[in-house]
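Written below as structure tokens is the structure these notes are about.
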Amino acid sequence: MQDIPPIQIPAELLPSDGRFGSGPSKVRIDALRRLAETGSTFLGTSHRRPPVQSVVGRIRAGLAELFSLPAGYEVLAGNGGATAFWDAASCSLIETCSQHLVFGEFSARFAAVTQQAPHLQSPDLIESPPGTHPEPRANPEVDTYALTHNETSTGVMAPVRRPSSQGLVVVDATSAAGGLMVDPTQFDVYYFSPQKGFGSEGGIWLAACSPAAIERIGRLDRSRRWVPASLDLAIALEHSRLNQTYNTPALSSLWLLADQIEWFLASGGLDWASQRSRRSSEIVYDWAERTSFTTPFVSDPAARSRVVATIDLEGVSAEVLGAVLRANRIVDIESYRKLGRNQIRIGMFPAVDPPDIEALTTCIDYVAERL
Ligand SMILES: *Cc1c(COP(=O)(O)O)cnc(C)c1O
């Protein structure tokens with residue numbers, strides 16, 4: 001890359017917090033302070049004892065309240081993040097055949113798992129070009145529909161709606177959860193890692209599961225299919241009911257997640273949290289549409305993500321812009337590498353203050369004028 005131009009952004013233009021990544025994303029400083037204040041009472045203690053179990057209990061109850069889960073839905077937790085959940089789902093949730101809507105890196109990765117699983121039929125793949133999303137199609141062969149609420153690599157959000165009265169609807173909500181509204185009657189599993197919309201750390205997954213999903217997890221015949229214990233959702237369910245995980249979780253991730261859920265609930269719930277993202281996204285897309293060198297990558301306004309904005313640049317190098325901003329401590333607006341576009345990507349999760357998003361656009365304008 002060329003040398004980074006020595007542009008210093010005036011302090012009064014800078015956002016109060018310069019973290020705009022799409023994951024890991026901004027962790028609130030006051031949450032970190034409260035975590036530090038737990039001192040010797042939490043970190044470094046057993047995950048099978050009340051201090052940690054009560055935090056897991058708060059997470060499970062808090063998510064049920066946040067997503068208004070109907071009676072009978074349960075929240076499961078396990079290790080390895082959303083990526084490990086794909087492996088677990090292919091081992092102990094999908095019966096024989098899944099349908100995948102493939103429209104970016106993350107949705108493609110789950111599809112690749114089921115394509116390679118020797119015990120499953122080849123999946124039904126419905127693809128669409130980056131920047132758009134496909135529509136699911138009812139298919140009697142399919143027992144599991146894999147949707148992605150927000151494709152983080154391209155900044156596209158897609159509806160969560162049942163395509164059929166048959167089959168489970170399993171939704172990757174890793175970057176959507178907390179930042180987008182969702183109707184729980186439209187899914188059977190809504191799973192995510194907490195380092196995006198929940199402003200926590202990675203390494204664990206959470207999954208809100210319907211009674212039909214729980215029934216499926218229990219019904220799969222394990223005498224006909226080898227299921228490693230760490231990928232067995234029946235074992236995850238059993239431990240989750242005890243407010244534990246099968247093996248040791250990252251306690252800081254759990255703690256920060258509980259703190260964020262309770263921040264949302266105390267402030268007005270999912271409505272409030274998603275409104276913050278909506279406000280931030282209006283600021284970004286309005287700016288991108290009226291500014292000469294920027295264009296929203298996603299042409300359909302209804303598909304433009306409210307949590308991750310992708311903005312194409314013309315005449316300004318996204319790489320140089322990103323480096324100059326980084327030197328001014330505004331970080332992680334680089335686009336998803338494999339998309340290969342002259343683009344920036346902005347995480348607008350609920351923890352990010354909308355005025356900071358406004359300040360970010362001002363800083364980008366300031367730098368662009370001087371490049
Ligand atoms: C980040 C992300 C993942 C992967 O999450 P990990 O915690 O790294 O496993 C999966 N799906 C989506 C939509 C994501 O944004």
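Atom set for the values below is all heavy atoms of this structure, side chains included, hydrogens, waters and symmetry mates excluded. All ligand and atom numbering here is 1-based and tracks the order in the structure. Along the sequence shown, residues are numbered consecutively beginning with 1.
- Taking the charged nitrogens against the carboxylate oxygens, R306 and E282 have no contact shorter than 4.0 Å, which rules out a salt bridge.
- Ring centroid separation for the pair F198 and F349 does not come in under the 6.0 Å cut-off.
- Here the two rings, on W86 and W205, have centers that are 6.0 Å apart or farther.
- Judged purely by distance below 3.5 Å, without hydrogens or angles, the side chains of R28 and Q260 pair a donor atom with an acceptor atom.
- When each of E127, H100, H133, E151 is tested with S107 by the rule side-chain contact (heavy atoms from CB on, under 4.5 Å), just one qualifies, namely E151.
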Check ligand 1 for close polar pairs with the protein: N or O on both sides, less than 3.5 Å.
from, atom 1, to, atom 2, distance (Å)
ligand 1, 7 (O), S193, OG, 2.7
ligand 1, 7 (O), Q195, NE2, 2.9
ligand 1, 9 (O), A82, N, 3.3
ligand 1, 9 (O), T83, N, 2.9
ligand 1, 9 (O), T83, OG1, 2.6
ligand 1, 11 (N), D172, OD1, 3.4
ligand 1, 11 (N), D172, OD2, 2.6
ligand 1, 15 (O), T152, OG1, 2.4
ligand 1, 15 (O), K196, NZ, 2.6

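- A donor atom on one side chain and an acceptor atom on the other are found under 3.5 Å apart for D356 and S16.
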